[in-house]
Participant: 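Quick one: the structure is below, questions incoming.
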Amino acid sequence: MTTLEMKNVSIEFPGVKALNGVDFSVESGKTHALIGANGAGKSTLMKVLSGAYDHYTGEILMDGQALSIRSPKSAMDSGIQIVYQEVDTALIPYLTVAENIMLMDTVHNMGKKQWVNWKQMHSKAATILSEINLTLNTKKLVSELTLAEKQMVLIARAVSKECKFLILDEPTAPLSHTETNELFRIVLELKRRNVGIIFISHRLPEIFKICDEITIMRNGEVVERQRVSDTTQNKVVEHMLGQELGEQFPERSITFGNTVLEVKGLTDREKIKGFSMQVRAGEIVGIAGLVGAGKTEFCKALFGAEGKLVAGEIKVNGKRVSVKNPYEAVKNGLALVPEERRKEGILVNESVESNLSVVNLGRFSKELSFLDRKKEKLVAKALINRLGIKTPSEETKVQNLSGGNQQKVAIGKWLVAEADVYIFDEPTKGVDVGAKKDIFNLIVELASRGKAIIYASSEASEIMGITNRVYILYDGKSVKELETNSTNEEELLFYSTGGR
Ligand SMILES: Nc1ncnc2c1ncn2[C@@H]1O[C@H](COP(=O)(O)OP(=O)(O)OP(=O)(O)O)[C@@H](O)[C@H]1O
Ligand SMILES: [Mg+2]
């Protein structure tokens with residue numbers, strides 16, 4: 001058995017003490033969960049362990065021997081591998097699966113000459129994939145893979161090198177239930193081969209299913225370490241938040257106004273086939289369905305994104321509107337919080353305040369169209385407060401925020417916009433349980449102000465908890481409409497999986 005230990009680790013960034021005297025340890029052949037609210041320091045701790053930073057203080061030891069981990073290479077040489085939270089940034093889309101797994105490992109040097117042995121590269125990559133029981137065509141381009149497959153490529157890359165410890169930072173956030181189970185199979189296989197796994201997730205049931213031990217972080221510190229079998233989900237949440245969670249879903253209104261949004265026969269280029277729906281003022285309408293059913297495609301088509309809409313009629317407040325692109329959508333009172341926030345929901349290189357004002361610059365313009373920076377700042381500060389966005393200041397670049405806090409920014413910017421119809425596509429992905437509650441409260445508040453809300457989610461419990469009515473999407477078609485009060489999770493699942 002090998003033990004990997006971090007002792008008294010601290011790190012600071014301008015304006016934030018992200019880690020404060022953290023002690024953490026894991027053993028080979030075990031699955032260890034790392035949990036904590038958004039911004040608690042989980043990813044930062046794992047970045048230190050995998051050599052992404054060199055300005056931390058404290059020690060890292062393996063079996064009592066001090067390691068000098070100050071670069072990704074030094075971590076890898078010690079057998080520590082990581083699959084980062086944002087899968088896309090770690091892959092080269094226009095190279096094949098084999099090239100992405102092997103990267104530099106198949107470049108041969110002879111004097112000044114370098115060459116690649118392609119045949120060997122593909123056969124080596126295939127061997128690595130089959131060792132963890134994966135079937136993927138090594139010649140396929142990474143850009144053609146699903147998110148789950150991309151993740152598997154990253155895991156294969158990690159285990160292709162010496163791998164004693166594997167860090168998985170929120171691997172399951174974008175995966176469907178089937179894909180998640182497939183990932184768990186691989187995790188258990190690696191565990192059997194004596195790899196130590198560090199697993200970060202906001203989904204407690206998963207942690208209780210596959211992890212042996214758990215470390216809980218809060219505000220840059222470790223507050224608890226336990227065997228999973230010695231604790232409960234409620235206790236873990238209490239340690240995480242420093243208080244009890246209480247009822248997660250707020251009270252919903254049951255009286256509605258006029259129909260705000262009416263959609264008839266919406267059809268897009270690929271997935272959506274003749275979808276019709278209405279949403280009244282103050283109503284929260286769910287779009288349920290499995291990952292891949294077409295929820296995101298529907299939201300995008302409705303918002304005019306990517307020129308997806310090919311047929312159908314959209315009426316806002318009784319008036320027929322043209323929604324050929326997002327600009328027209330916003331002009332006609334629609335707002336979309338998209339699923340893939342880093343790619344579509346935020347400008348990562350810009351500050352929090354610019355992100356919060358960007359969809360509604362008109363409101364911040366003075367005479368001659370100069371931007372009113374003071375007003376921008378005030379509104380940003382108010383939103384940061386209201387949403388509990390964890391950031392040192394409103395001027396911090398969004399890329400320096402933790403994953404869950406980036407999501408809050410993606411939501412916050414639309415609250416400034418004062419739209420009539422709000423479309424939320426999986427808004428709680430990667431968001432901690434406390435922040436989820438904040439988001440639910442916000443949505444209910446929007447509804448109580450007479451907004452029409454569309455809530456797309458593959459989590460049946462959220463559909464049950466937050467919506468008034470629900471449409472179930474199966475293979476691009478609306479197969480059932482239900483009143484939330486008179487249905488249950490089983491029925492949702494029944495129709496979501498194609499039941500009739
Ligand atoms: N490069 C950086 N520059 C400035 N601040 C940073 C940087 N990296 C992390 N932080 C800050 O450190 C804190 C911890 O962030 P971290 O990403 O580790 O959180 P997390 O626990 O992984 O949260 P999440 O669940 O949302 O992914 C946050 O307040 C974040 O804004
Ligand atoms: Mg993180």
Participant: Let me confirm one number: the CG-CG distance from Asp63 to Leu4, rounded to the nearest 0.5 Å.
Facilitator: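 Atom-to-atom, Asp63:CG and Leu4:CG are 9.0 Å apart.
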
Participant: Salt-bridge test for Lys300 and Glu297: reply yes if a basic N is under 4.0 Å from a carboxylate O, no otherwise.
Facilitator: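 Glu297 and Lys300: not salt-bridged.
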
Participant: Which residue is it: Ile198, Leu166, Ile69? I am looking for the one with a side-chain contact (heavy atoms from CB on, under 4.5 Å) to Ile80.
Facilitator: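 Single side-chain contact (heavy atoms from CB on, under 4.5 Å) partner of Ile80 among Ile198, Leu166, Ile69: Ile69.
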
Participant: Are Phe298 and Phe275 an aromatic pair, judged by ring center distance below 6.0 Å?
Facilitator: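 Centroid separation for Phe275 and Phe298: below 6.0 Å.
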
Participant: Does Arg157 use its side chain to pair, donor to acceptor, with the backbone of Asn100 at less than 3.5 Å?
Facilitator: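 Present.
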
Participant: When the ring planes of Phe424 and Tyr422 are compared, do they come out parallel, tilted or perpendicular, using 30° and 60° as the limits?
Facilitator: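 Aromatic pair Phe424/Tyr422 classed parallel.
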
Participant: How far apart are the C-alpha atoms of Val22 and Asn8, what are their side-chain angles, what is the distance that settles it, and do they pass the side chain to side chain contact (heavy atoms under 4.5 Å, CB included) test?
Facilitator: CA-CA 5 Å; Val22 170; Asn8 199 19; over 6 Å; no

Participant: Please report the closest heavy-atom contact between Leu129 and Val97, naming both atoms and the distance.
Facilitator: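 Heavy atoms of Leu129 and Val97 come nearest at CD1-CG1, 4.3 Å.
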
Participant: Kindly indicate, with the supporting measurements, whether the criterion side chain to side chain contact (heavy atoms under 4.5 Å, CB included) is fulfilled by Val142 and Leu95.
Facilitator: CA-CA 6 Å; Val142 159; Leu95 292 184; over 6 Å; no

Participant: Over all heavy atoms of both residues, which pair between Ser201 and Glu206 is shortest? Give the atoms and the distance, please.
Facilitator: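 Minimum heavy-atom separation between Ser201 and Glu206: OG-OE1, 3.0 Å.
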
Participant: Nearest 0.5 Å please: distance from the CE atom of Met240 over to the CD atom of Glu238.
Facilitator: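 The CD atom of Glu238 is 12.0 Å from CE of Met240, to the nearest 0.5 Å.
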
Participant: So, do Phe165 and His32 have ring centers that fall under 6.0 Å from each other?
Facilitator: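 No.
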
Participant: Ignoring hydrogens and angles, tell me if any N or O in the side chain of Thr231 forms a donor-acceptor pair with the backbone of Arg227 under 3.5 Å.
Facilitator: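 Checking the backbone N and O of Arg227 against the side chain of Thr231, no donor-acceptor pair under 3.5 Å is found.
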
Participant: I'd like to know if the side chain of Asn405 and the backbone of Leu401 have a donor-acceptor N/O pair within less than 3.5 Å.
Facilitator: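 Not a single qualifying donor-acceptor pair exists.
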
Participant: Using 0.5 Å steps for rounding, measure from the CG atom of Leu154 to the CG atom of Leu91.
Facilitator: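 One gets 4.0 Å once the value is rounded to the nearest 0.5 Å.
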
Participant: Apply the test side-chain hydrogen bond (donor to acceptor under 3.5 Å, both in side chains) to residues Thr215 and Glu224: give CA-CA distance (whole Å), side-chain angles for both, the deciding distance (0.1 Å), then the verdict.
Facilitator: CA-CA 6 Å; Thr215 293; Glu224 188 72 29; over 6 Å; no

Participant: Under the criterion side chain to side chain contact (heavy atoms under 4.5 Å, CB included), I'd like the reasoning laid out for Ile216 against Val222: C-alpha separation, chi angles, the key distance, then a yes or no.
Facilitator: CA-CA 6 Å; Ile216 306 169; Val222 165; over 6 Å; no

Participant: State, with a plain yes or no, whether a side-chain heavy atom of Ile454 is found less than 4.5 Å away from one of Ile287.
Facilitator: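 With C-beta onward as the side chain, the pair touches.
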
Participant: Roughly how far apart are Lys480 NZ and Tyr495 OH, rounded to 0.5 Å?
Facilitator: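 It comes to 4.0 Å.
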
Participant: Which pair of heavy atoms, one from Leu49 and one from Ile60, lies closest together, and at what distance?
Facilitator: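 Nearest heavy atoms, Leu49 then Ile60: CD1-CG2, 4.0 Å.
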
Participant: Consider only side-chain N and O atoms of Ser123 and Gln120, and report whether a donor and an acceptor are under 3.5 Å apart.
Facilitator: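 No, because no side-chain N or O of Ser123 sits under 3.5 Å from a partner of the opposite role on Gln120.
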
Participant: For the NZ atom on Lys17, are there more than 12 heavy atoms of other groups (residues, nucleotides or ligands in this structure) within a distance under 6.0 Å?
Facilitator: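 Yes.
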
Participant: Decide whether Glu489 and Ser461 meet the rule of one side-chain donor and one side-chain acceptor closer than 3.5 Å.
Facilitator: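 The answer is no; no qualifying pair exists.
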
Participant: Assess, by modelled atom type and distance only, whether the side chains of Glu221 and Asn20 contain a donor and an acceptor separated by less than 3.5 Å.
Facilitator: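 Yes, Asn20 and Glu221 have a side-chain donor paired with an acceptor closer than 3.5 Å.
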
Participant: Do you know which two heavy atoms are closest between Glu394 and Ala380, and how far apart they sit?
Facilitator: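 Nearest pair, atom of Glu394 first, then Ala380: CB-CB, 4.2 Å.
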
Participant: Does a side-chain heavy-atom distance below 4.5 Å link Thr3 with Met62?
Facilitator: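 Not touching, per the 4.5 Å side-chain cut-off.
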
Participant: Going by an N to O cut-off under 4.0 Å, is there a salt bridge joining Arg203 and Glu459?
Facilitator: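 Glu459 and Arg203: salt-bridged.
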
Participant: Hey, does the side chain of Arg218 reach the backbone of His239 with a donor-acceptor pair shorter than 3.5 angstrom?
Facilitator: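 Yes, the answer is positive, given that a donor and an acceptor are paired below the 3.5 Å cut-off.
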
Participant: Just checking, any donor-acceptor pair under 3.5 angstrom between side chains of Ser351 and Glu395?
Facilitator: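 Result is no, nothing qualifies.
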
Participant: Quick check: does any side chain N or O of Arg192 sit under 3.5 Å from a backbone N or O of Gly29, one acting as donor and the other as acceptor?
Facilitator: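 No; zero donor-acceptor contacts below 3.5 Å.
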
Participant: Output yes when Arg185 and Glu182 qualify as a salt bridge under the 4.0 Å nitrogen-oxygen rule, no when they do not.
Facilitator: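 A salt bridge is present here (some side-chain N lies under 4.0 Å from a carboxylate O).
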
Participant: Under 3.5 Å, is there a donor on one side chain and an acceptor on the other for Thr127 and Ser130?
Facilitator: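 Short answer, no.
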
Participant: Are any side-chain N or O atoms of Ser50 and backbone N or O atoms of Ile82, one a donor and one an acceptor, separated by less than 3.5 Å?
Facilitator: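 Judged by distance alone, no pair lies under 3.5 Å.
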
Participant: Does Gln81 have any side-chain hydrogen bond (donor to acceptor under 3.5 Å, both in side chains) partners at least two apart in sequence or in another chain, and if so, which?
Facilitator: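 By the side-chain hydrogen bond (donor to acceptor under 3.5 Å, both in side chains) rule, Gln81 matches no residue at all.
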
Participant: So with a 6.0 Å cut-off around NZ of Lys397, is the heavy-atom count from everything else above 12?
Facilitator: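 Open.
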
Participant: Can you find a pair of side-chain heavy atoms, one from Lys124 and one from Met121, that are under 4.5 Å apart?
Facilitator: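 Heavy-atom side-chain distance check fails, nothing below 4.5 Å.
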
Participant: Do His202 and Glu170 come close enough that some side-chain heavy atom pair is under 4.5 Å?
Facilitator: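 A side-chain contact under 4.5 Å exists here.
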
Participant: Hey, are Glu27 and Lys30 close enough for a salt bridge, meaning a charged N less than 4.0 Å from a carboxylate O?
Facilitator: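 Here Glu27 pairs with Lys30 in a salt bridge, since their nearest N and O are under 4.0 Å apart.
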
Participant: Kindly determine whether Ile384 and Thr391 satisfy side chain to side chain contact (heavy atoms under 4.5 Å, CB included), including the steps that lead there.
Facilitator: CA-CA 8 Å; Ile384 288 168; Thr391 174; 4.1 Å; yes

Participant: Side chains of Asn441 and Lys436: do they bring a donor and an acceptor to under 3.5 Å?
Facilitator: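 Looking only at side-chain atoms, Lys436 and Asn441 do not form any donor-acceptor pair under 3.5 Å.
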
Participant: I want to check something: taking the side chain as every heavy atom from C-beta on, are Leu168 and Ile155 in contact at a cut-off of under 4.5 Å?
Facilitator: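 The answer is yes; the side chains approach within 4.5 Å.
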
Participant: With side chains defined as the heavy atoms from C-beta onward, is the minimum distance between Gln151 and Ile186 less than 4.5 Å?
Facilitator: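 Answer no - side chains too far apart.
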
Participant: Would you say Phe199 and Pro171 make side-chain contact, with heavy atoms under 4.5 Å?
Facilitator: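 They are in side-chain contact.
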
Participant: Which heavy atom in Gln399 sits nearest to a heavy atom in Asn349, and how many Å separate them?
Facilitator: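 So the two residues come closest at OE1-OD1, 3.3 Å.
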
Participant: Of all the heavy-atom pairs spanning Asp77 and Glu162, show the shortest one and how long it is.
Facilitator: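 Smallest interatomic distance, heavy atoms only, reads O-OE1, 4.1 Å.
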
Participant: Would you find a donor on one side and an acceptor on the other, under 3.5 Å apart, between the side chain of Thr96 and the backbone of Glu99?
Facilitator: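 It does hold such a pair.
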
Participant: Under a 3.5 Å distance rule, please check whether Lys42 uses its side chain to pair with a backbone N or O of Ala37 as donor and acceptor.
Facilitator: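 Pair found, side chain donor or acceptor close to backbone of Ala37.
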
Participant: Using only heavy-atom distances, determine whether the side chains of Asn38 and Ser402 contain a donor-acceptor pair under 3.5 Å.
Facilitator: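 Not at all, the side chains of Asn38 and Ser402 share no donor-acceptor pair under 3.5 Å.
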
Participant: So does Ser74 get a backbone contact from the side chain of Ser71, meaning a donor-acceptor N/O pair under 3.5 Å?
Facilitator: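 Such a contact is found between Ser71 side chain and Ser74 backbone.
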
Participant: Working to the nearest 0.5 angstrom, can you tell me the gap between Phe249 CZ and Thr467 OG1?
Facilitator: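 If I round to the nearest 0.5 Å, the distance is 9.5 Å.
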
Participant: Using atom types as modelled and distance alone, determine if a side-chain donor or acceptor of Asn355 lies under 3.5 Å from a backbone N or O of Ile346.
Facilitator: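 No, the answer is negative, given that no donor and acceptor are paired below the 3.5 Å cut-off.
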
Participant: Between Lys191 and Asp212, is there a salt bridge with N-O shorter than 4.0 Å?
Facilitator: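 Salt bridge: yes.
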
Participant: Is the closest side-chain heavy-atom distance between Pro427 and Ile411 below 4.5 Å?
Facilitator: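 They are in side-chain contact.
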
Participant: Atom NZ of Lys271 and atom CG of Leu473: how far apart are they, to the nearest 0.5 Å?
Facilitator: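 Interatomic distance, Lys271 NZ to Leu473 CG, rounded to 0.5 Å: 8.5 Å.
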
Participant: For Phe440 and Tyr455, take the angle between the two ring planes, folded into 0 to 90°, and tell me which bin it lands in: parallel under 30, tilted 30 to 60, perpendicular over 60.
Facilitator: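 Answer is tilted, since the angle falls between 30° and 60°.
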
